[in-house]
Amino acid sequence: MKRSLTCATLLGWILTASLAFAQGLPTASPEAVGLSSARLARVTELVKGEIAKGRYPGAVALVARRGKVAYFEALGQRDPQSGAPMTKDAIFRLYSMTKPFASVAAMMLVEDGKLLLSDPVSKYLPKLKNLQVSVPRVDPQTGRVSYALVPTEREMTIQDLLRHTSGLVYGVFTSHAGVKEAYAKEGVDWNGVTPDEQIERLARVPLAHQPGSAWEYSLSTDVLGRVVEAVSGATLGQFLQERLFAPLKMTDTAFLVPNGKAARLAQPFAKDPVSGDTVKLLDVTVAQKNDAGGAGSAGTVADYARFSQMLLNGGQLDRVRILGRATVAQMSSDHLGDIRVASPILPRGYGFGLGFAVRKETGLNWVTGSAGEYRWGGAAGTAFWVDPKEQMVVVWMTQGQPGPRRGEDRDLFRQLVQAALVD
């Protein structure tokens, strides 16, 4: 009896230790929160199999339900060059999973009474006033396409930035040839430019759509970060550190990974296993020219789980309130309605809220999910989703060459996690 008690105690310690990196989130067995241990074991085996196939070097994944972490695994290699194993405290380049941080920052300022969603962006960034829209014109005789510039029918607003209906685009993604060419000519980008240079260059190029008329994934969140800086008087990184990361005890999330933590940075393969191209990701160990609200941060799975749980809890975690309940409800509701979707990046069955995609239907999308769930991912292999109906938070992080394969990896993982719901 004494031996059994000792073994049980030891197993409890092992479980606690294996989940300890979750920065204080409570833990539970899968069955205690309505998940199947056997089905979650399939997730582990799947990921191990994908790693063995060379899809990605390693991964860290976390599943929390009803406020408790029931699955937290680190598999494969953190650095395939050195052979270092993946660890639960590995730091990943988040790319577009930075966008929800910048969006929350803006909504904090809304709650502070310093911003209105209806405010024109030019109120805070005057150089973005009097922009023009590039409109394609097709010659009926030759079929040749030319582009005419017309005035905006209204200015882009803070809401437009949050929901990607500003008329801005990503030059590498847009199908609008006229705007793509203008972005390339003026050097419009999120990386390698100072905040002033970014806005000055955007002021010299046309919009791809009339503000509010179309959804297209874009530099909108980067511009939103510039608004946060203009209103707060701090850099986006400073604002987030003071108002979000520090209060939530997200101790490993920032726009710069310091020397003391650089050894924990997850690395991709040197060359992409499919294309053979050299993989080059953002160097988050050196200070960038701007804190890119759309793509520039790095962090851990445990930190992002705390952020996601805060949202699921209606804006608070561990008695620390970041946002009001009504604000989170507004952010996680669809803000597109019948606005045209002009980019295939938004998954079928989803609208877009204030910072992330929002699932409108339980059906339509090929991956299992619940209406009301909200999510987004990062180009180099990260993803998260929050499912209020199932009271579930999931975070998935790998590190690899940006591209469609990263979406396939996380959707396959996602499908097996959804299958683990049994109660």
Side-chain angles (χ1 to χ4, degrees), residues 56-60 74 76-87 89-102 170-173 183-184 187-198 201 219 221-222 225-226 229 235-241 245 250-304 376-383 395-403 405-406 409:
Y56 39 82
V60 182
Q77 295 179 322
R78 180 187 54 74
D79 185 345
Q81 279 69 57
S82 70
M86 184 62 79
T87 57
D89 64 346
I91 297 172
F92 294 80
R93 300 160 185 85
L94 297 177
Y95 281 86
S96 287
M97 272 172 57
T98 307
K99 288 179 170 70
F101 297 155
Y170 275 123
V172 295
F173 293 145
Y183 272 42
V188 173
D189 205 348
W190 61 270
N191 189 21
V193 293
T194 66
D196 287 343
E197 288 171 341
Q198 185 178 52
R201 295 179 190 187
L219 289 167
T221 314
D222 294 78
R226 305 286 82 89
E229 291 176 339
T235 67
L236 180 61
Q238 290 167 344
F239 183 89
L240 287 171
Q241 175 60 30
F245 301 153
M250 297 169 63
T251 55
D252 290 318
T253 303
F255 286 93
L256 175 65
V257 178
N259 289 337
K261 297 181 179 181
R264 290 160 50 200
L265 192 62
Q267 302 295 356
F269 291 123
K271 292 185 179 296
D272 182 74
V274 174
S275 68
D277 294 337
T278 298
V279 179
K280 185 173 177 57
L281 301 181
L282 182 68
D283 187 355
V284 290
T285 65
V286 298
Q288 303 298 308
K289 288 189 176 181
N290 78 87
D291 293 341
S297 69
T300 62
V301 164
D303 277 4
Y304 217 95
W376 206 240
T382 61
V395 185
W396 158 258
M397 293 191 188
T398 62
Q399 207 81 115
Q401 176 75 16
R405 296 181 80 225
R406 303 287 75 84
D409 296 336

Ignoring hydrogens and geometry, is there a side-chain-to-backbone donor-acceptor pair from [X] to [Y] under 3.5 Å?
{"X": "Tyr304", "Y": "Ala383", "answer": "no"}
{"X": "Thr98", "Y": "Ser297", "answer": "yes"}
{"X": "Asp272", "Y": "Gln401", "answer": "no"}

Does any donor atom in the side chain of [X] or [Y] lie under 3.5 Å from an acceptor atom in the other side chain?
{"X": "Gln198", "Y": "Arg226", "value": "yes"}
{"X": "Thr253", "Y": "Asp303", "value": "yes"}
{"X": "Lys271", "Y": "Thr278", "value": "yes"}
{"X": "Asp283", "Y": "Thr285", "value": "yes"}

By side-chain contact (heavy atoms from CB on, under 4.5 Å) - contacts of [X] (at least two apart):
{"X": "Phe269", "value": "Pro57, Pro80, Pro273"}
{"X": "Ser82", "value": "Asp79, Ala84"}
{"X": "Ala102", "value": "Thr221, Leu236"}
{"X": "Pro402", "value": "Leu281, Ala379"}

Excluding sequence neighbours, so at least two apart, what forms side-chain hydrogen bond (donor to acceptor under 3.5 Å, both in side chains) with [X]?
{"X": "Asp189", "value": "none"}
{"X": "Gln288", "value": "none"}
{"X": "Gln238", "value": "Thr235"}
{"X": "Thr87", "value": "Asp89"}

Does any non-hydrogen side-chain atom of [Y] lie less than 4.5 Å from one of [X]?
{"X": "Met97", "Y": "Met397", "answer": "yes"}
{"X": "Asn290", "Y": "Val193", "answer": "yes"}
{"X": "Arg78", "Y": "Met86", "answer": "yes"}
{"X": "Val284", "Y": "Leu256", "answer": "no"}

Q.
Taking the ring centre of each residue, are Trp396 and Tyr56 less than 6.0 Å apart?
A. yes
Q) For the ring pair Phe245 and Phe101, is the centre-to-centre distance below 6.0 Å? A) yes
Taking all heavy atoms of [X] and all of [Y], pick out the closest pair and write down the distance.
{"X": "Val257", "Y": "Ala298", "value": "CG2-CB, 3.9 Å"}
{"X": "Ala59", "Y": "Thr398", "value": "CB-CG2, 3.5 Å"}
{"X": "Pro268", "Y": "Gly400", "value": "CB-CA, 3.9 Å"}
{"X": "Val60", "Y": "Ala74", "value": "CG2-CB, 4.1 Å"}
{"X": "Trp190", "Y": "Ala292", "value": "CE3-CB, 3.6 Å"}

Q) Could you go step by step and tell me if Leu282 and Tyr95 meet the side-chain contact (heavy atoms from CB on, under 4.5 Å) rule? A) CA-CA 9 Å; Leu282 182 68; Tyr95 281 86; 3.5 Å; yes
**Q.** Counterpart residues, salt bridge (charged side-chain N to carboxylate O under 4.0 Å, His left out), relative to Asp409 (two or more places apart)
**A.** Arg55, Arg406
Q.
Could you work out, with salt bridge (charged side-chain N to carboxylate O under 4.0 Å, His left out) as the rule, every residue matching Arg93, not counting sequence neighbours?
A. none
To the nearest 0.5 Å, what is the distance between [atom1] on [X] and [atom2] on [Y]?
{"X": "Tyr170", "Y": "Leu219", "atom1": "OH", "atom2": "CG", "answer": "5.5 Å"}
{"X": "Gln241", "Y": "Asp291", "atom1": "CD", "atom2": "CG", "answer": "11.5 Å"}
{"X": "Arg264", "Y": "Ile91", "atom1": "CZ", "atom2": "CD1", "answer": "4.0 Å"}

Q) What residues, two or more places apart in sequence or in another chain, satisfy ring pair (Phe, Tyr, Trp, His ring centres under 6.0 Å) together with Phe239? A) none
Q: Report the residues that fulfil ring pair (Phe, Tyr, Trp, His ring centres under 6.0 Å) with Trp376, sequence neighbours left out, ordered by chain and then residue number.
A: Tyr217, Phe352
(Q) Does this structure show an ion pair linking Lys261 with Asp252, if we count only N-O contacts that are shorter than 4.0 Å? (A) yes
